[in-house]
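Quick notes on the structure that follows.
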Amino acid sequence: MNNTTTDQIIGIRKNVLKKEFSRMNDRQQEAVFSVNGPLLILAGAGSGKTTVLVNRIANIIRYGNAYKSENISNDLSEEDLSAANRYLSAGEPLPFQVKCHFAAEPCRPWQILAITFTNKAAGELKNRLNSMLGEEGDDIWASTFHSTCARMLRRDGDKLGYSNHFTIYDTDDSRRMMKECQKSLGIDDKILSFKSILSAISRAKDSMIQPKEYLQQAGSDNRLGLIAQAYKLYQAKLKEADAMDFDDLICNTVCLLQQHPDVLEYYQNKFRYIMVDEYQDTNHAQYLLVKLLAQKSTNLCVVGDDDQSIYKFRGATIENILNFERTFPNAKVIRLEQNYRSTKNILNAANAVIENNTERKGKTLWTDNPAGEKIGVHTAFSEQDEADYIAKKILESVAVGRKFADHAILYRMNSQSNILEKIFIKSGIPYRIIGGLRFYERKEIRDMIAYLSVINNPNDEIRLRRIINQPKRSIGDKTIAQATEIAATLGESVFDIIKNADQYEPLKRTAPKLLQFAATMQELIDAANDENTSLNELYHLILDKTDYIGSLKASENDDAQDRIDNINELASNLIKYEEDNGEEASLSGFLEEVSLLTDIDNFDANSDSVVMMTIHSAKGLEFPVVFLPGFEDGIFPGIQAIYNPAEIEEERRLAYVAITRAKEELFIVNAESRMIFGSTSRNKPSRFIEEIPEELVARSRTREWKKPAPGMALPTSAFEARVVTTESARSFGPSNLIHSEPPKVQFQVGDGVMHKTFGTGLILSVSPMGNDTLLEIAFEKAGTKKLMANFARLQKI
DNA sequence: GCACCTATCTTTTTT
DNA sequence: AGATAGGTGC
């Protein structure tokens, strides 16, 4: 190092680093290299924030703080420097050694914590880290708030009085639990609903208010007093059941860290770098959690976009991001304003809409992308016509070479998917619905999960109740109530009481049934404890012993087969879980994974079908062509938001998210009249449409009155059958593409065909597209339709 | 204890 | 319109 000065070395090192991350723009690089101290990245939609996060983590692991540090490694040799210079000038690969020698205070993967909101975001982050860093990437804690907390609580939850295999209650479990509480406190649901109590409790937990404090704060307020009682009882019951709800995961972790300095210190030392994605969606408790963990290192990087804050209803406070600079002194702020996703027209429309909000940090996205098509704004007659229009547009678009999967339909509320679904079935457009009735929310799945939960944790009273008479065992509410009461008086668990049912007078009559149930469960518990029983075997043992499927078949329910399919689907999930986790696989592990899983996590872009979901679910995703139906005042913005300026702003942010999902084409649709709650209403076009400059818009409307959806007038049994197939297929799983094994029949113009719904018809035109064929068919009764050959289930005649 | 009927409510959005 | 919870009658 004789001839080279320190400054020169630092210069070379900076250039090497710059080159290593040269795929990033200047702002992004700045974010990647700003490693130490608090950092707020205001990342607009489509500005490449995940790329920045991934590269920032890679930089931290490989180089640490080298870009900003003035220190030079002692290991650095002349040889290293000339290698670096060759790398800079001739593009020769940089030896690993040199990378190491250039690093300053690098960090190990397991010292990094990256928190996201959805499993999907976490999964994507993990994937990209893995492809950038290889196996090293696996050791990074990249997960959601909830699973991060669950992990910490499994380790140290005993300090709060929970076991390490505690159950995670979802919304439905919480509801059942709260109904119990209402009953025992004599609270009439009409006067104080379980819903409002639960949301009050949720807010309390967000603010880290314990039942005791809640009661104090309630003062003489009757309503709040009742809520406080319910809160107290609810928490007591949860603890007794060794269970936590979603909010508990967060606030119990905060409690754990606040009350146990040793635990706090452990994690503060462990995590040298912390990153939080979607920071605008954090609530107060999550903010506290992050603050606690990052207090010591202060190496906290949060990424967010105040314009995309759409979870206020869930307790997210936009103040977290607006106040970041105040809370974390010396915070650096970096704005990422270049959008790589959308065309100029789409981006300008989004900018124009969001500008009408007053509560903003303020930023304007720009792009180098071409102007692209104008934004289609279409006015339809009815919601049917709206769906018809979208179907037609998609078929046109596929006809000129796009894939079905390039199209997404994003709506305000789940119920909007119904008509679309019907029209798509009719037109033979393959689609998938994300959200709505979720796989894990189906009765039969919940029942199976409940069995597994009780086996895992017999104290789980709520789930024990769920299955005690499912399938029917002639154990009624009264018996259960009595058993519960006895359990409460004796301070034992309900399961223990049932096991000895014959010893209690009030249970005498049903004792044999109870004993039999208890014996079955005990057998299953023993099987679960046996090392040699795999989860899959256990699952089939449950099905065997309970004859769940048998009773389903006996019920003669129309959807019995669907339900059986779902039950088998859960089995394949179990097998997959076991395969993925090998030795680590455990019943409680599976249950945890399941309870934190949502549908969007299973969104698989590989199958070629149109995607439908709510705008909320679509956050973080992008699609070449986006349709936004229901842009009407009263739908979007929703009726409840119209007279509330703050809520209008939230709705507008939602509109902003919706618009910015589109890469190339955007169609906004409204209907002049539509059915809501079974009655027809006429809505004005959404105010958000008016906020888009007219020069960006191409308007159209359905002119002549079309007979409302001819296909719908044919309620044949075949049509109904299709709907049922669709229902089961939309759930989730390895292939939740709506498909039937495509009959690969070749069609020609002039062929006569038979369609299940439309009857007989004649093929007018055949246009191959991708790996499918668009057919135009004149049906004898149903008129002329365009159908995709592979999905239409046509038979030649 | 169970099946069937009716009344009521829903539609915000999710971990 | 459709689902679901709760009540009534067997």
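Quick note on labels: first sequence line is chain A, next is B, and so on, each numbered from 1. Everything numeric in this text was worked out from a predicted model, so none of it was measured.
- Of all heavy-atom pairs spanning A:Met208 and A:Ala285, the tightest one is SD-CB, 4.2 Å.
- Within the nucleic acid shown, A:Phe145 has no heavy atom closer than 4.0 Å to any nucleic acid atom.
- Rounding to whole angstrom units, NZ of residue A:Lys619 and C1' of B:dT13 are separated by 11 Å.
- Across all strands shown, A:Ile475 has heavy atoms under 4.0 Å from sugar-phosphate atoms exclusively, and none from any base.
- Looking at the side chain of A:Tyr311, the nearest of the listed nucleotides B:dT11, B:dT14, C:dG2 is B:dT14.
- For A:Asn414 and B:dT13, the shortest distance from a side-chain N or O to OP1 or OP2 is below 4.0 Å.
- Nucleic acid contact for A:Phe636: none, since no nucleic acid atom lies under 4.0 Å from a heavy atom of the residue.
- A stacked arrangement is assigned to A:Phe313 and the six-membered base ring of B:dT13, with a centre-to-centre distance below 5.5 Å and an interplanar angle below 30°.
- Distances shorter than 4.0 Å separate some side-chain N or O of A:Ser617 from OP1 or OP2 on B:dT14.
- No side-chain donor from either of A:Tyr311 and A:Asn283 sits under 3.5 Å from a side-chain acceptor of the other.
- Counting only heavy atoms from C-beta on, A:Arg314 has its side chain closest to B:dT15 among B:dT15, B:dG1, B:dT11.
- Between the NZ atom of A:Lys513 and the C1' atom of B:dG1 there is a distance of 10 Å, rounded to whole Å.
- Set against B:dG1, C:dA1, B:dT13, the side chain of A:Met675 has C:dA1 as its closest nucleotide.
- Nucleic acid contact class of A:Thr479 (heavy atoms, under 4.0 Å, all strands): sugar-phosphate only.
- Summary of the strand contacts: A:Ser474 and A:Glu647 both lie near DNA chain B, and taking for each the nucleotide with the nearest heavy atom, the more 5' one is attributed to A:Ser474.
- A straight line from CD of A:Gln286 to P of B:dT15 spans 12 Å, rounded to a whole angstrom.
- Nearest to the side chain of A:Phe246, among B:dT15, B:dT11, B:dT13, sits B:dT15.
- Comment: A:Asp172 engages A:Arg176 in a salt bridge, judged by a side-chain N to carboxylate O separation of less than 4.0 angstrom.
- Backbone-only engagement by A:Asn469 is indicated by non-hydrogen atom pairs under 4.0 Å involving sugar-phosphate atoms exclusively.
- Taking the side chain of A:Thr144 as heavy atoms from C-beta on, and the options B:dT15, B:dT13, B:dG1, the nearest nucleotide is B:dT15.
- Side chains of A:Gln308 and A:Tyr656: a donor-acceptor N/O pair is absent below 3.5 angstrom, by distance only.
- Within 4.0 Å (heavy atoms only), A:Lys472 reaches sugar-phosphate atoms of the nucleic acid but no base atom.
- Regarding A:Phe194, its CZ atom lies at a distance of 8 Å from the P atom of C:dG6, rounded to whole Å.
- Looking at heavy-atom distances under 4.0 Å, A:Asp247 makes no contact with the nucleic acid at all.
- Rounded to whole Å, atom C1' of B:dT14 lies 14 Å from atom CG of A:Leu249.
- C:dA5 atom P lies 17 Å from atom CE of A:Met178, rounded to whole Å.
- Annotation: the span from A:His146 atom NE2 to A:Leu596 atom CG amounts to 7.5 Å, rounded to 0.5 Å.
- Mapping A:Ser595 and A:Gly476 onto DNA chain B by nearest heavy atom places A:Gly476 closer to the 5' end of the strand.
- For A:Thr510, taking side-chain heavy atoms from C-beta onward, the closest of the listed nucleotides B:dT13, B:dT15, B:dG1 is B:dG1.
- The side chain of A:Ser415 contributes no N or O atom lying less than 4.0 Å from OP1 or OP2 of B:dT10.
- Between A:Phe166 and A:Tyr162, the ring planes lie perpendicular to each other; the angle is over 60°, past the 30° to 60° tilted range.
- At whole-Å resolution of the value, CE in A:Met613 and C1' in B:dT14 are 14 Å apart.
- Residues A:Arg465 and A:Thr484 have side chains that bring a donor and an acceptor to within less than 3.5 angstrom of each other.
- Rounded to a whole Å, the CG atom of A:Asn283 is 12 Å from the C1' atom of B:dT14.
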